[in-house]
Amino acid sequence: MSRSAERRIALVETGDAHIAVELDAEGTELGRRTLARDDAHVWIASVEETSSPRWVIRSAREAYPRLLHAGARLGRTHDLVLCHAILRDTALLAEPLAASRLWMPTTTEVEQPTLFDALIAETEHDPVDEVLQQYRAQLRALSSAPDGRLALLCAAESAGGLVAEEMRAGGLPWDAVTHDRILVDTLGERRMGGVPARMAELAQSVRTELGDEQVNLDSQQKLLRALHRVGVLAESTSRWELAEFDHPAVAPLLAYKKLARLLSANGWTWLADWVQDGRFRPVYIPGGVVTGRWASAGGGALQLPRMLRPAVRADPGWRLIVADVAQLEPRMLAAMARDEAMAQAARGSDLYAGVVESGAVATREEAKYAVLGAMYGATTGDSGRLVPRLRKVYPKAMRLVDDAARTGEDGGVVSTWLGRSSPKPPPAWLAMQAAASGADATAAVVREAQRRARDRGRFTRNFIVQGTAAEWSLIWLAEIRHRLRALPAAATPATASGPFAQAAHLAFFLHDEVILHVPAESAEHAADAVREAAAVATERLFGSFPLDVPLDLRVAETAEK
DNA sequence: AGAAGTTGCGCG
DNA sequence: AAAGCGCGCAACTTCT
């Protein structure tokens, strides 16, 4: 469908109603209607079915949960809050979108009203006018772009906003019984008013070996002092440092710390707080990371521990599709830099094996550290030592990241493939650099400024790669979602009610991995959808440049790795 | 007593 | 084993 043929409808929530405003391609109003809050979803669903418009909304985060709950799904949106952040900061536009506090994400905390807010309140506009004005401003910004990249990014980001809410509504199927069994098997029997049995035994062993029956193992300071008393002269209580010491307290201590971590991060309290009706529902925050990666709030969705993956279990009659991309970031780098040699190494499922084949390094481990070091800016250690070898074999790719690093060191801004730009350095950073370049700068100030400049360089170096990988993933998600909507309703309903009780849905997303929850009879079609979506994402970003982005995909009952 | 900062861990 | 990017969270410690 061509863009101009696309129907656009702004959907604005007012106190007790929704106003739907029909728009043309420039955002000019063609007509409007008022919908009572309680049955807006009926009209929306019918319009969705007959003409699948692009809905212009303030924010999916704010508006979509209620619609989903009422039974209306939105196909495509333009999310003004998400797109405002992109168009405001992008370096691709000579004249970026004007920043406005009105279009920042609303925070949940109640903030003290500022003078600025008071000013806004005084001059408050009609909410419909505000939406239309902002949309027109964003359309103007997009029409001044040199190519379609920012428009693609805005569309993908908006789709991400929908996916995030739909994933929360659908939830990740979570088997509390399996989770509990893992906890008991690992931590020992749960005991009222104390730590679980096995943890208690380990703690006892540690205290005995330390000759201190009282020491609190969860206090770094007290633990460190106790260790020093028995001759373990570690500087911190971190795992890798303790492992260096040969003392009988070390082994049980490391085991205890591992269990303590599981208990506090994903123990019974977490299970009770975050799993209801057999679903884990974290809050996803699209664009929550400066690079464009998603953040999460609550539930620790960014740290789903490997150990607990067996608790991710499909409902009866349903399956999980578990898919991830191996080495997404270096693949993105190869294509961004149009580095044919690196793309050649990326042919097939293991990029690191390809790097070894190219002769740059001898082993797969070396390849891994060299490639990670190139993207992260390692300068010392094994990783730093290997990076120069990549410069010989992949000069184009290395020039791209090296240039990004230099731009950052100089205080500049870099952009991802689709045009999301890094934040400008903060005033304190600029002040430090200015101070260091003054005639009276001390050696210490100069040294510190150089260190901070290198920090900045490593950030911008990584930004372009991490951010472009996030863009690939966004398109992947959007294309998966699009294809899932065509699948038939489930033969067996899911165990949890809600908008996805009978529909295949995205259930989890983490940077380069997705988990889908799908009716068993649709599993193969859903798997195909995930594969097709990956191919489309690569093609949308890089056109005909030959880049492999292979998936590790399986259809299973659990998400076990 | 509660806010703010630090440490350590686990995820990509 | 490493020490290079990006996160969230819990528990402890220090500050107010």
Side-chain angles (χ1 to χ4, degrees), chain A residues 109 195 215-225 234-244 253-254 256-267 269-270 273-274 282-309 324-330 332-333 363 365-366 368-387 390 401 404-405 408 414 416 422-423 451 454-470 472-473 508-514 559 561:
Chain A
E109 315 90 72
V195 294
V215 62
N216 176 2
L217 302 186
D218 299 321
S219 160
Q220 303 103 309
Q221 297 189 356
K222 289 167 187 157
L223 176 59
L224 202 56
R225 279 198 291 273
E235 283 178 33
S236 79
T237 64
S238 53
R239 208 183 38 192
W240 56 84
E241 206 188 333
L242 292 177
E244 302 288 308
L253 177 55
L254 293 181
Y256 172 86
K257 284 165 74 80
K258 196 163 183 61
L259 303 196
R261 164 76 192 181
L262 176 63
L263 178 65
S264 78
N266 296 97
T269 308
W270 181 91
D273 287 348
W274 288 99
V283 178
Y284 295 97
I285 305 179
V289 179
V290 281
T291 58
R293 272 188 174 182
W294 290 17
S296 76
L302 268 52
Q303 337 164 212
L304 188 68
R306 266 187 129 71
M307 256 193 119
L308 289 178
R309 283 183 156 259
D324 64 33
V325 186
Q327 308 121 10
L328 178 59
E329 292 184 0
M332 296 296 106
L333 173 56
T363 67
E365 285 302 278
E366 285 187 337
K368 185 173 168 181
Y369 292 118
V371 168
L372 290 176
M375 294 188 305
Y376 292 160
T379 53
T380 61
D382 287 351
S383 186
R385 182 172 54 77
L386 292 164
V387 172
L390 294 188
V401 283
V414 296
T416 61
S422 64
R451 192 185 65 76
R454 285 192 301 269
D455 288 348
R456 194 79 199 159
R458 285 195 302 276
F459 168 64
T460 51
R461 169 191 294 271
N462 186 247
F463 182 95
I464 58 168
V465 181
Q466 187 184 116
T468 301
W472 186 94
S473 297
F508 189 74
F509 166 60
L510 185 55
H511 307 322
D512 60 3
E513 174 181 17
V514 294
K561 268 197 175 169

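Everything numeric in this text was worked out from a predicted model, so none of it was measured. Lettering of chains follows the sequences in order, A, B, ..., and the numbering in each one begins at 1.
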Looking for any heavy atom pair under 4.0 Å, which part of the strands does [X] touch: base, sugar-phosphate only, or nothing?
| X | result |
| --- | --- |
| A/G288 | nothing |
| A/D218 | sugar-phosphate |
| A/A295 | sugar-phosphate |
| A/A297 | sugar-phosphate |
| A/S264 | sugar-phosphate |
| A/G298 | sugar-phosphate |

Can you find a side chain N or O atom of [X] that sits less than 4.0 Å from OP1 or OP2 on [N]?
| X | N | answer |
| --- | --- | --- |
| A/T380 | C/dG4 | yes |
| A/R458 | C/dC5 | yes |
| A/Q221 | C/dT14 | yes |

Partner residues of A/W294 under the ring pair (Phe, Tyr, Trp, His ring centres under 6.0 Å) criterion, sequence neighbours left out
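Once residues adjacent in sequence are excluded, the partners of A/W294 under the ring pair (Phe, Tyr, Trp, His ring centres under 6.0 Å) criterion are A/Y284, A/F509.
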Those residues that, when tested against [X], pass side chain to side chain donor-acceptor pair (under 3.5 Å) (two or more places apart):
| X | value |
| --- | --- |
| A/S296 | none |
| A/R293 | A/E329 |
| A/R385 | none |

Exercise. Name the residue closer to the 5' end of DNA chain C, choosing between A/T379 and A/V290 according to the nucleotide with the nearest heavy atom.
Key: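 The residue mapped nearer the 5' terminus is A/T379.
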Rounded to whole Å, how long is the line connecting atom [atom1] of [X] with atom [atom2] of [N]?
| X | N | atom1 | atom2 | answer |
| --- | --- | --- | --- | --- |
| A/Y284 | C/dC7 | OH | P | 18 Å |
| A/R454 | C/dA3 | CZ | C1' | 15 Å |
| A/Q220 | B/dT6 | CD | P | 13 Å |

Using Watson-Crick pairs (N1 to N3, plus N6-O4 or O6-N4) and G-U wobble pairs, both distances under 3.5 Å, which stems of at least 3 pairs involve DNA chain C?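 For DNA chain C the paired stretches long enough to count as stems (3 pairs minimum) are B:1-12 with C:5-16.
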Given C/dA1, C/dC12, C/dC5, identify the nucleotide with an atom nearest to the side chain of A/F459.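 For the A/F459 side chain, the nearest candidate turns out to be C/dC5.
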| request: Go through the N and O atoms of the side chain of A/E365 and the base of C/dA1, and report whether any donor-acceptor pair is under 3.5 Å. | output: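 Answer yes: a donor N or O sits under 3.5 Å from an acceptor.
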Partners meeting side chain to side chain contact (heavy atoms under 4.5 Å, CB included) with [X] (sequence neighbours left out):
| X | value |
| --- | --- |
| A/R306 | A/K561 |
| A/E366 | A/V361, A/A362, A/T363, A/L386, A/R389 |
| A/Q221 | A/S219, A/R225 |

Are any protein N/O atoms closer than 3.5 Å to N/O atoms in nucleotides 9-12 of chain B? If there are, list each pair with its distance.
from, atom 1, to, atom 2, distance (Å)
B/dC9, OP1, A/R239, N, 3.2
B/dC9, OP2, A/R239, N, 3.3
B/dC9, O2, A/R261, NH1, 2.8
B/dC9, O2, A/R261, NH2, 3.3
B/dG10, OP2, A/R239, NH1, 2.5
B/dG10, O4', A/R261, NH2, 3.3
B/dC11, OP1, A/R306, N, 2.9
B/dG12, O3', A/D512, OD1, 2.5
B/dG12, O3', A/D512, OD2, 2.5
B/dG12, N2, A/R293, NH1, 3.2
B/dG12, N3, A/R293, NH1, 3.2
B/dG12, N3, A/R293, NH2, 3.4

Next on the checklist: Taking A/R456's backbone N and O only, do any of them form a donor-acceptor pair with A/T460's side chain (distance below 3.5 Å, no angle check)?
Outcome noted: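 It does hold such a pair.
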* Asked: Have A/S236 and A/E241 got a donor and an acceptor in their side chains that come within less than 3.5 Å?
  ->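 Present: a donor and an acceptor within the cut-off.
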